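A short worksheet on the structure shown next.
Here the structure is a predicted model, which is why all the values come from computation and not from measurement. Start at 1 and go down the list; that is how both ligands and their atoms are numbered.
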Amino acid sequence: MLKITPYLGILVLIVSIAGLWFPLLGYFLLLVFATLLITSIFRGRWFCGNLCPRGSFNDFWVGKITRNKKIPSFLKSYWVRIPLFMLMMGFMGYRLLSTQGLINQIGMVFVIMCLVTTTIALFAGASVSPRTWCTFCPMGTVQNIIGGNKYQLQVDDSKCIDCNKCEKSCPMQLEVHTNNEKPDCIKCGRCITACPTKALAFEA
Ligand code: SF4
Ligand code: SF4
Ligand code: SF4
């Protein structure tokens, strides 16, 4: 299974900061959007737990300064996430239309979007838990909607001893072994590694 690496997080800083001087770097976000949309069809939020540069940034960089608190449950609600998705997409669409098709200005729209969301992710992650932003990130919500029922984590109840180690290891703070419906599972596999009885596995 592919594991997310700390090095991917560097890309977030490159786009957010160097992009202010080299706006074409913003087009990197199009590659990210395309990849996560395609992978979500088959594996739900797999991209978030294995390939997303900001996911890596949150896990390994923000993870060093976080207070590790409980993520407020209202942030997981679709009543918060869907309007936020529409608001951000609407705002980005408006900004893109106002560029009048100029290549550098389009790139700068993506750079600013990356900078703003990275700043929110940094503060939310530092003050609550590293993956707080990923709870309501519009791109995570899209993957949830497209493929939330794909590549589900299975629990073998005959092996589970209710030790709760899986839930303590889950960066998304999910009900790992008590709830089979986990559309926000990012397929990071940390619960599988933490389980002492090998009761967890992804569906084939
Ligand atoms: S939720 Fe958003 S920021 Fe977090 S890993 Fe997924 S796409 Fe990246
Ligand atoms: S349930 Fe397991 S695989 Fe899914 S996000 Fe939590 S730790 Fe990762
Ligand atoms: S870590 Fe494994 S044994 Fe422990 S509660 Fe989770 S699934 Fe059950």
Side-chain angles (χ1 to χ4, degrees), residues 1-5 8-9 11-12 15-16 28-40 43-63 71 75-76 81 84-85 88-89 113-122 124-125 129-203:
M1 183 189 302
L2 182 61
K3 297 282 183 198
I4 201 161
T5 84
L8 277 171
L11 294 171
V12 174
V15 174
S16 302
F28 175 71
L29 264 64
L30 293 181
L31 178 65
V32 168
F33 293 158
T35 309
L36 67 83
L37 287 175
I38 292 168
T39 54
S40 69
R43 293 207 162 187
R45 294 189 61 177
W46 177 90
F47 180 86
C48 297
N50 295 275
L51 266 188
C52 181
R54 189 179 290 118
S56 160
F57 179 75
N58 292 344
D59 278 350
F60 296 102
W61 300 46
V62 179
I71 299 171
L75 292 178
K76 301 178 183 179
R81 295 165 65 181
L84 184 69
F85 169 80
M88 288 191 68
M89 291 304 110
M113 185 63 77
C114 187
L115 180 61
V116 168
T117 51
T118 299
T119 305
I120 298 171
L122 178 60
S129 176
R131 288 274 186 164
T132 305
W133 164 259
C134 297
T135 304
F136 57 94
C137 163
M139 290 302 110
T141 302
V142 166
Q143 294 173 80
N144 167 316
I145 291 168
I146 294 176
N149 59 349
K150 298 283 163 54
Y151 200 52
Q152 287 281 352
L153 186 71
Q154 313 273 317
V155 186
D156 184 341
D157 290 329
S158 66
K159 291 183 180 172
C160 179
I161 55 172
D162 281 325
C163 66
N164 231 22
K165 287 186 176 169
C166 49
E167 297 204 2
K168 287 182 188 145
S169 72
C170 180
M172 297 296 286
Q173 301 186 4
L174 302 177
E175 296 169 330
V176 181
H177 69 108
T178 52
N179 188 348
N180 282 327
E181 301 294 315
K182 290 183 281 292
D184 281 315
C185 171
I186 59 172
K187 329 293 182 190
C188 65
R190 279 169 228 183
C191 54
I192 296 175
T193 305
C195 178
T197 62
K198 301 198 184 326
L200 299 169
F202 288 114
E203 65 187 10

**Lys/Arg-Asp/Glu bridge criterion (N-O < 4.0 Å) met for Arg131, Asp184** = no

**Message:** Distance under 4.0 Å to a non-hydrogen atom of Phe202: what atoms of ligand 2 satisfy this?
**Reply:** 3 (S)

**Request:** Please identify which atoms of ligand 2 are closer than 4.0 Å to at least one heavy atom of Pro171.
**Result:** 7 (S)

**Asked** At a non-hydrogen distance cut-off of under 4.0 Å, which region of Phe47 contacts ligand 1 (side chain, backbone, both, or neither)?
**Response** neither

**Complete:** Going by the 4.0 angstrom heavy-atom rule, the piece of Leu200 near ligand 3 is side chain

**Request:** Answer with side chain, backbone, both or neither: which part of Cys191 has a heavy atom less than 4.0 angstrom from an atom of ligand 3?
**Result:** neither

For ligand 3, which atoms have a heavy atom of [X] less than 4.0 angstrom away?
| X | value |
| --- | --- |
| Thr197 | 3 (S) |
| Ile161 | 3 (S), 8 (Fe) |
| Pro196 | 1 (S) |
| Asp162 | 5 (S), 8 (Fe) |
| Asn164 | 4 (Fe), 5 (S) |

**Asked** Non-hydrogen atoms of Gly189 versus ligand 2: any pair closer than 4.0 Å?
**Response** yes

Atom indices of ligand 1, in the order listed, that fall short of 4.0 Å to a heavy atom of [X]:
| X | answer |
| --- | --- |
| Cys48 | 1 (S), 5 (S), 6 (Fe), 7 (S) |
| Arg131 | 5 (S) |
| Met139 | 7 (S) |

Within-4.5 Å side-chain heavy-atom neighbours: [X] and [Y]:
| X | Y | result |
| --- | --- | --- |
| Met172 | Cys188 | no |
| Phe47 | Ile38 | no |
| Leu153 | Cys191 | yes |

**Message:** Just to check, does Ser169 reach to within less than 4.0 Å of ligand 3 when the distance is taken from its heavy atoms?
**Reply:** no

What protein heavy atom lies closest to [atom]? Include the residue and the distance to one decimal.
| atom | result |
| --- | --- |
| atom 1 (S) of ligand 1 | Arg45 NH2, 3.1 Å |
| atom 8 (Fe) of ligand 1 | Cys52 SG, 2.3 Å |
| atom 5 (S) of ligand 2 | Ile186 N, 3.4 Å |
| atom 2 (Fe) of ligand 1 | Cys137 SG, 2.4 Å |

**Prompt:** Where the side chain of Arg43 meets the backbone of Lys150, is there a donor-acceptor pair that is under 3.5 Å apart?
**Reply:** no

**Request:** Classify the side-chain pair Glu203/Gln154 by whether it contains a donor and acceptor separated by less than 3.5 Å.
**Result:** yes

**Asked** Just wondering, is there an N, O or S atom on Cys195 that's nearer than 2.8 Å to atom 8 (Fe) of ligand 3?
**Response** no

**Prompt:** Nearest heavy atom to atom 4 (Fe) of ligand 2: which of Ala194, Cys185, Cys166 does it belong to?
**Reply:** Cys185

**Item:** side chain to side chain donor-acceptor pair (under 3.5 Å) assessment of Asn164 paired with His177
**Value:** CA-CA 8 Å; Asn164 231 22; His177 69 108; 3.1 Å; yes

